[in-house]
Amino acid sequence: MPTINLLHQRTRELHLRNDIRKPGQLELKSNFNFNVKFAPDGARCVATLYQSFEDKSGEGAFSLSVTLEGAFSCEGVRGDEEKKEVHLMAYDALFPYLQSTVGQLFAGTGMPGFMVKKMRLDQNKVTVSQPKPPTLPIV
């Protein structure tokens, strides 16, 4: 079984538009992407978590998008199955930072609390692509 250790995380991008003019509830739609890239030796990886929300009305009164990145050291990664396990573990490690970042943003802007729900990832649906070998220039 592989293990990972979060070395550091950072918020790469954070965008908020709040032009809500009347009180009430918004219906939101969400977009989500999570990607993990491994070093060739499998000893390190970088995970990128992106999540966005916008009002379904199409008026553009509210939108939020966040991109977080985490660097991890990895042990026991020998093949694709271990990479899939690391994929899920990396998401579990980064998600609290996403939740905290969004919570702090909303507290700082005076908006009511906003809770980001954790996505349910299925290891069977995780795809592992092989890195492309570098191309050599033709001389």
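Heads up: numbering here begins at 1 and tracks the sequence.
To the nearest 0.5 angstrom, S65 atom OG is 4.5 Å from H15 atom NE2. Rounding to the nearest 0.5 Å gives a distance of 8.5 Å between CZ of F34 and CG of L88. Atom CD1 of I4 is separated from atom OG of S73 by 8.5 Å, given to the nearest 0.5 angstrom. The CZ atom of F62 sits 10.0 Å away from atom CD of E54, with the distance rounded to the nearest 0.5 Å. Distance check, rounded to the nearest 0.5 Å: CG of N5 to CE of M89 gives 11.5 Å. Atom CZ of F53 sits about 9.5 Å away from atom CG of N31, to the nearest 0.5 Å.
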Where do M115 and Q99 land on the side chain to side chain contact (heavy atoms under 4.5 Å, CB included) test, with the steps shown first?
CA-CA 7 Å; M115 180 64 104; Q99 209 170 35; 3.1 Å; yes

Pair F38, V46 - check side chain to side chain contact (heavy atoms under 4.5 Å, CB included), show working.
CA-CA 7 Å; F38 289 87; V46 173; over 6 Å; no

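The local environment of CZ in F95 is crowded, with over 12 non-hydrogen atoms from other residues, nucleotides or ligands closer than 6.0 Å.
In this structure, E82 contributes its side chain and G79 its backbone to a donor-acceptor pair below 3.5 Å. Between the side chain of Y97 and the backbone N or O of G70, no donor-acceptor pair lies under 3.5 Å. Judged by distance alone, with hydrogens and angles left aside, the side-chain atoms of N33 form no donor-acceptor pair with the main-chain N or O of Y50 at under 3.5 Å. Using a distance-only test at 3.5 Å, with no hydrogens or angles considered, no donor-acceptor pair links the side chain of S100 to the main chain of P96. Checking side-chain atoms of S30 against main-chain N and O of S52 turns up a donor-acceptor pair under 3.5 Å.
Taking all atoms of both residues into account, the shortest heavy-atom contact from V102 to L64 is CG1-CD2, 4.0 Å. Between L94 and Q9, the shortest heavy-atom contact is CD2-CB, 4.0 Å. The two atoms that bring F32 and Q51 nearest to each other are CD1-OE1, 3.8 Å, heavy atoms only. When all heavy atoms of L7 and F72 are compared, the pair lying nearest together is CD1-C, 3.9 Å. Pairing each heavy atom of V77 with each of G42, the nearest pair is CB-O, 3.7 Å. Shortest non-hydrogen contact noted between G76 and P2 is O-CB, 3.9 Å.
By the side chain to side chain contact (heavy atoms under 4.5 Å, CB included) test, E75 pairs with T3, sequence neighbours left out.
Side-chain atoms of D92 and K118, non-hydrogen and from C-beta on, do get closer than 4.5 Å to each other.
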